[in-house]
Amino acid sequence: MLMRTDPFREFDRLTQQLLGSASPGTWSRPAAMPMDAYRAGDEFVACFDLPGVDPDAVELEVERNVLTVKAERRPLSTGDDARLQVSERPYGVFSRQLLLGDGLDTTRISAAYEAGVLTVRIPVAETAQPRRIAVSTGTSGADRKEITS
């Protein structure tokens, strides 16, 4: 149900980690955000790591079965008299797009942000739910078996 829309984004993220590049993402070229995705019962769940991001700086949008998640983490305001000694926390704009299958109900998406993790829940559409289909045996249709699809 989930397809990656940009196969090179993960490669960029790994390259940045290996080479130690800490360039911040911009609105024109956002950095990737780590995520986990799984199906739990009748819903698809995606969890995005966004530690230190203000919930008001998170944007979710769905258009034509594409879920776009954008967030911005700003550098800490340290004041005029402070001199930065170490800067390892990534900041800037982060974005991720997920191509959602037709079997998901994009009109009932919900999202919650807790402890730096954005959790997006997308219900499986009623038409994509498993259901029983009656299969008749013989020509009369009197003998029927229930088969689970």
Side-chain angles (χ1 to χ4, degrees), residues 1-135 145-149:
M1 285 196 193
L2 170 70
M3 294 186 293
R4 292 180 183 256
T5 56
D6 184 359
F8 297 104
R9 183 165 282 187
E10 185 70 11
F11 180 73
D12 287 344
R13 185 183 69 78
L14 290 172
T15 303
Q16 287 177 0
Q17 282 182 341
L18 291 173
L19 300 177
S21 172
S23 63
T26 63
W27 284 104
S28 61
R29 184 163 169 81
M33 65 182 78
M35 73 165 226
D36 290 334
Y38 57 93
R39 180 167 173 173
D42 291 339
E43 66 183 0
F44 174 78
V45 181
C47 299
F48 301 90
D49 277 351
L50 297 171
V53 173
D54 185 336
D56 293 332
V58 177
E59 296 177 13
L60 282 118
E61 185 177 292
V62 175
E63 184 177 352
R64 294 188 192 149
N65 286 358
V66 176
L67 173 69
T68 302
V69 180
K70 281 190 178 180
E72 182 176 12
R73 182 184 307 128
R74 296 181 185 268
L76 290 176
S77 176
T78 56
D80 294 335
D81 61 341
R83 292 189 326 182
L84 192 60
Q85 300 295 310
V86 177
S87 178
E88 295 179 348
R89 298 176 64 218
Y91 63 92
V93 179
F94 300 86
S95 177
R96 196 72 184 250
Q97 287 189 319
L98 305 178
L99 180 59
L100 306 175
D102 291 331
L104 297 174
D105 186 355
T106 58
T107 62
R108 295 183 15 221
I109 294 176
S110 64
Y113 184 76
E114 184 177 340
V117 177
L118 175 68
T119 302
V120 178
R121 297 180 179 279
I122 309 165
V124 174
E126 295 275 336
T127 57
Q129 299 278 344
R131 62 192 181 284
R132 288 193 161 299
I133 300 171
V135 177
K145 280 187 179 178
E146 295 267 332
I147 297 178
T148 303
S149 59

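These numbers were taken from a predicted model, which means no experiment stands behind them.
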Side chain to side chain contact (heavy atoms under 4.5 Å, CB included) for Asp49 and Val117? Distances and angles first, verdict last. CA-CA 5 Å; Asp49 277 351; Val117 177; 3.9 Å; yes

Sidechain N-carboxylate O distance under 4.0 Å for Glu72, Lys70: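 No salt bridge links Glu72 with Lys70.
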
Drop me the distance from Phe44's CZ to Thr106's OG1, to the nearest 0.5 angstrom.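 So the gap between those two atoms works out to 13.0 Å.
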
With Thr68 as reference, evaluate Glu63, Gln97, Arg96 under the side chain to side chain donor-acceptor pair (under 3.5 Å) test and give the passing residue.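 Filter result, single survivor: Gln97.
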
Closest approach of [X] and [Y], non-hydrogen atoms and distance?
| X | Y | value |
| --- | --- | --- |
| Pro123 | Arg121 | CD-O, 4.0 Å |
| Tyr91 | Arg73 | CB-O, 3.3 Å |
| Ile122 | Asp105 | CG2-O, 3.8 Å |

Student check: side-chain heavy atoms of [X] and [Y] closer than 4.5 Å:
| X | Y | result |
| --- | --- | --- |
| Leu118 | Met33 | no |
| Leu104 | Val124 | yes |
| Val53 | Tyr113 | yes |

Over 12 foreign heavy atoms within 6.0 Å of CG, Asn65: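 Buried by this count: over 12 neighbours within 6.0 Å.
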
